[in-house]
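By convention in this document, chain letters (A, B, ...) are assigned in the order of the sequence lines, proteins followed by strands, and residues within each chain are numbered from 1.
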Amino acid sequence: MRLISFANDYVRYVLRGSTKFYAWMGFLSVLIVGMMYVFYLQNTEGLIVTGMTSQIHDGLYFANLVFLVGVAAGAVTIVFPAYVYHHDGMHKVTVLGEMLAITAVIMVMMFVFAHMGRPDRLWHMIPPWGIYSFSAMLGWDVLVLNGYLFLNIACGFYYLWAKYTGTKVNNRIFMPLVYISIVWALSIHTVTAFLISTMPSRPMWFHSMMPIRFITTAFAAGPALIILIFLIIRKNTKFWIEDSAINLLSTIVSWCLGLAIFLTMSEIVVELYARTEHANGLYYLMFGLHGLTSLVPWFWSSMALMLTSFVLFLIPSVRTNYKRLPILCVMAFTGIWIEKGMGLIVPGFVPTPIGEVTEYYPTFVEWLMTAGIWAFGFFILTILLKGAIGILQGEISYGSSQAASAE
Amino acid sequence: MSTDNTPPDSTDRMPASADPAQAAQKSSRRDFLKAGGMLSLSSLMGTAALMAQTDEAKATVEWAEHFQKNYRLMTDDEKNEARIRLERRHSAEYGKKVTVDTSAAQPGVLMGYALNIRKCIGCRRCVKACVEENNQSRGTRPGERIEWIQVLRMERGEFSQEKMNQGYPEGLGIQVGGNAYTPAGQVLEGQYHYTPEAVPEKDATYMPIACMQCEKPPCVKVCPVRTTYREADGPVVIDYNWCIGCRMCMSACPYWARRMNVAKPVLPKDEMNPVTHYLGNRPRMRGVVEKCHWCLQRTRQGRYPACVEVCPVGARKFGNLLDPESEVSLILARKNVFRLKAELNTFPKFFYFYD
Ligand code: SF4
Ligand code: SF4
């Protein structure tokens with residue numbers, strides 16, 4: 001009974017909004033429709049409508065997939081200080097982080113669908129109908145991602161439910177789940193790193209630095225996005241997010257960004273000093289190979305974005321200025337999106353294991369699909385955050401709707 | 001496995017598949033006789049479809065095909081049904097009698113391959129024969145033409161007196177290189193798109209590659225649905241109906257042996273080879289991965305792979321590694337042999353040798 005009224009109140013609250021809200025959702029819907037169309041196209045024509053080939057067979061989709069696993073894991077930068085360091089400002093907003101994690105994992109799943117040659121056969125991975133392979137990293141990745149999705153839905157909505165009904169959170173169930181989800185967040189990104197770093201056939205990826213590099217970039221890009229979202233929430237809703245929370249997040253971004261840059265530099269020195277054939281991928285990324293240079297601008301722009309934003313993050317007066325902070329966050333976020341996406345995935349295939357150098361150009365279909373999935377992500381994120389904020393602020397609570405209708 | 005060249009005895013080998021309709025009746029009768037009604041959903045649908053002769057039947061066949069099990073987990077009956085379904089569908093599609101062999105590995109056989117790199121002249125007849133034999137896609141759009149064999153052209157290198165004192169990088173004042181700073185020999189940086197006037201060319205050597213049928217195949221390890229696996233007689237095969245097209249195996253293969261069907265394969269009716277094997281050269285569908293399987297449709301019937309047969313200089317040798325008297329075994333025992341990228345511990349069963 002209470003569950004029905006929860007769902008009811010939640011949906012009704014979320015659907016009500018200003019013109020600005022409807023315009024935003026409408027804009028996203030247009031992109032989502034576009035995405036559905038290209039998904040249809042991809043599954044009737046085949047992957048030929050994308051820029052992927054037998055030489056470079058993971059592209060924009062896989063890049064976004066990897067990046068978004070990082071965003072999902074990045075949510076732990078809220079949960080961890082809140083529950084382990086008992087940071088009050090963070091504690092207030094943990095649920096928002098969990099909502100972001102839910103969204104990011106859903107987007108990852110959508111990119112998986114977009115990436116597959118035969119998404120209609122994905123049930124082959126799920127027992128008892130299909131076969132689950134314990135030796136395949138992709139199998140593990142799907143497993144931990146679903147686990148993480150479940151944990152975040154459980155933690156997030158249980159907390160909201162408690163707020164809604166006005167009951168107390170049962171810490172004996174809740175806290176273990178929170179701690180598990182913290183460790184789990186690390187696991188999703190580690191396994192995703194293993195996905196590509198366990199293949200000696202691709203020397204560009206074959207090094208044990210991959211997991212830690214993934215985690216540092218995730219803990220820079222994730223909180224950068226969260227800061228942006230928090231600032232938007234502060235501006236557009238009555239929900240107040242403490243300065244201390246935002247400041248802590250920007251500190252986390254600065255240090256993780258610094259570490260990420262350090263790791264990239266180390267890789268460059270190690271690979272280019274010896275300059276074996278195994279460094280060809282990195283060389284292609286940085287300078288081009290055999291006259292093919294399509295990734296070079298991507299790499300240097302990402303480097304510039306990351307370095308500049310890192311330096312600026314280090315300056316306290318810039319970091320704590322909430323007019324400038326969003327710019328830094330966008331720079332860091334974009335820089336990492338490029339470095340970890342196109343800049344990491346594509347050069348893994350250049351040259352191919354037999355030395356062939358080809359280039360990858362994402363097609364319009366791929367860009368539209370990518371934009372559509374991001375739009376879908378923002379669509380659900382808006383709904384989730386709006387509902388969560390409504391509950392946190394007490395605008396939705398058990399009995400309030402009845403009271404309102406009685407007036 | 002015998003190393004002689006007799007064609008398969010086709011008359012007594014494929015009675016069940018020769019006439020799909022008759023086969024259908026047979027299998028349906030057997031199904032009806034089965035007590036207990038333990039039929040799987042797909043086998044029921046398959047049988048029903050095979051008995052009906054309507055348009056609807058085609059849809060049902062495809063439906064049943066979509067929900068069939070992984071090939072390795074099928075019972076013999078289910079394999080038979082899957083085979084009949086395919087034979088029916090392909091025969092209709094290509095307008096000729098298509099057979100789909102499901103014969104299994106023979107005990108005591110481990111297939112092996114050896115290639116004499118001294119002899120290869122780079123003519124690429126093997127590439128062509130392979131495409132014709134194995135029903136690869138021959139489209140013209142990028143990615144629609146699939147070849148399983150690449151003949152890599154290797155530079156012989158160019159060394160001269162004038163370059164004795166050249167260094168690399170030039171102009172920095174430190175000489176770290178010299179005359180030999182030119183690629184030469186087997187560096188796997190070879191070029192397989194070459195258009196010579198005549199082969200062999202004076203300044204090149206050739207190194208053909210294809211799937212190495214690794215004994216410890218990385219592609220198998222990464223497949224999340226275990227649709228690619230090593231058969232008991234050696235070749236690594238793919239159940240095309242079970243592949244989800246995730247392309248992990250393509251990333252994991254150190255020899256770039258695998259290809260993606262980015263569209264429905266372009267396979268003209270008159271060029272289609274109707275003698276197929278379920279795990280081998282049967283026509284593939286959009287979105288799945290394929291690769292060399294040592295012509296299972298031939299080698300399981302005691303014939304040589306197409307590339308071995310067509311090679312004009314006899315550079316390619318094929319046989320049973322478990323038979324000490326087979327040509328491959330003798331080569332391994334007597335010649336100088338190496339495996340490609342041996343340091344990766346993939347243990348290819350494709351060997352290179354020179355006399
Ligand atoms: S050569 Fe590649 S495709 Fe063939 S078995 Fe080895 S890893 Fe697999
Ligand atoms: S593409 Fe197919 S064969 Fe390759 S790993 Fe994925 S499911 Fe397995």
Side-chain angles (χ1 to χ4, degrees), chain A residues 42-58 62 112 115-126 129-143 195-196 198-203 205 275 277 280 290 345 348-349 351-358, chain B residues 66-67 69-70 72-73 139 141-144 146 150 152 183 187-193 207 209 218-227 241-265 285-289 340-341 343-346:
Chain A
Q42 231 177 259
N43 285 288
T44 44
E45 295 292 304
L47 290 176
I48 196 155
V49 295
T50 71
M52 289 183 275
T53 57
S54 278
Q55 280 85 359
I56 302 179
H57 42 79
D58 296 350
F62 200 80
V112 169
H115 174 78
M116 294 293 159
R118 298 299 302 217
D120 53 325
R121 294 184 184 169
L122 275 174
W123 61 272
H124 289 180
M125 286 178 84
I126 310 164
W129 311 281
I131 299 175
Y132 181 81
S133 166
F134 284 97
S135 67
M137 281 296 168
L138 191 63
W140 284 103
D141 209 28
V142 169
L143 187 77
L195 196 63
I196 65 168
T198 47
M199 300 196 267
S201 51
R202 308 282 167 186
W205 299 336
R275 185 63 184 91
E277 292 243 321
N280 275 355
H290 296 298
I345 300 305
F349 298 101
T352 66
I354 63 164
E356 189 179 4
V357 183
T358 56
Chain B
H66 195 89
F67 285 103
K69 280 197 264 178
N70 179 296
R72 262 193 298 179
L73 300 182
R141 290 186 292 170
E144 253 183 356
I146 292 180
Q150 269 74 50
L152 301 181
V187 289
L188 276 196
E189 272 229 320
Q191 179 59 269
Y192 62 93
H193 307 282
M207 172 134 170
I209 62 165
C219 57
V220 167
K221 199 168 189 175
V222 300
C223 178
V225 291
R226 293 194 177 279
T227 191
N241 275 73
W242 193 256
C243 170
I244 59 175
C246 69
R247 316 197 273 295
M248 288 305 291
C249 53
M250 298 176 73
S251 302
C253 171
Y255 307 97
W256 197 60
R258 293 178 164 252
R259 300 290 178 277
M260 180 72 187
N261 280 294
V262 288
K264 186 178 181 336
M285 56 292 268
R286 164 182 61 77
V288 303
V289 165
L340 200 56
K341 298 199 187 185
E343 76 275 17
L344 296 182
N345 276 7
T346 52

**Prompt:** Looking at A/W205 and A/I196, what are the two nearest heavy atoms and their distance?
**Reply:** CB-O, 3.2 Å
**Fill in**
Nearest heavy-atom approach of B/I146 to B/M260 is CD1-O, 3.7 Å
Among [options], residue most engaged with chain A (heavy-atom pairs, under 4.5 Å):
options	result
B/G143, B/C253, B/P218	B/C253
B/M248, B/M250, B/K221	B/M250
B/R286, B/E144, B/E343	B/R286

Taking side chain as everything from C-beta outward and backbone as N, CA, C, O, which of these in [X] sits under 4.5 Å from a heavy atom of chain A? Side chain, backbone, both or neither.
X	answer
B/H193	side chain
B/Q150	side chain
B/I244	both

Measure distances from [X] to the heavy atoms of chain B and classify the residue's part below 4.5 Å as side chain, backbone, both or neither.
X	result
A/Q42	backbone
A/T198	neither
A/D141	neither
A/W129	backbone

**Prompt:** According to the salt bridge (Lys or Arg N to Asp or Glu O under 4.0 Å) rule, which pairs have a member within residues 246-264 of chain B, sequence neighbours left out?
**Reply:**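 Qualifying pairs, neighbours excluded: B/E93-B/K264.
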**Fill in**
Greatest number of non-hydrogen atom pairs under 4.5 angstrom with chain B, of A/G130, A/S133, A/G46, falls to A/S133
**Asked** If you count heavy-atom pairs under 4.5 Å with chain B, which of A/R118, A/H124, A/M52, A/M116 comes out on top?
**Response**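 Result: the option with the highest number of such pairs is A/H124.
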**Request:** Determine the interplanar angle of the A/W140 and A/Y132 rings, folded into 0 to 90°, and report it as parallel if under 30°, tilted if 30 to 60°, perpendicular if over 60°.
**Result:**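 Rings of A/W140 and A/Y132: perpendicular, over 60°.
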**Asked** What class does the angle between the rings of A/H57 and A/F349 fall in, given that below 30° is parallel, 30 to 60° is tilted and above 60° is perpendicular?
**Response**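 Taking A/F349 first and then A/H57, their aromatic rings stand perpendicular (interplane angle over 60°).
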**Asked** For A/I48, does its backbone N or O pair with a side-chain atom of B/R141 as donor and acceptor, under 3.5 Å?
**Response** no
**Message:** Tell me every residue that passes side-chain hydrogen bond (donor to acceptor under 3.5 Å, both in side chains) with A/R121, counting only those two or more places apart in sequence or in another chain.
**Reply:** none
**Prompt:** OH of B/Y255 to OG of A/S201: how many Å apart, nearest 0.5 Å?
**Reply:**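 It comes to 10.0 Å.
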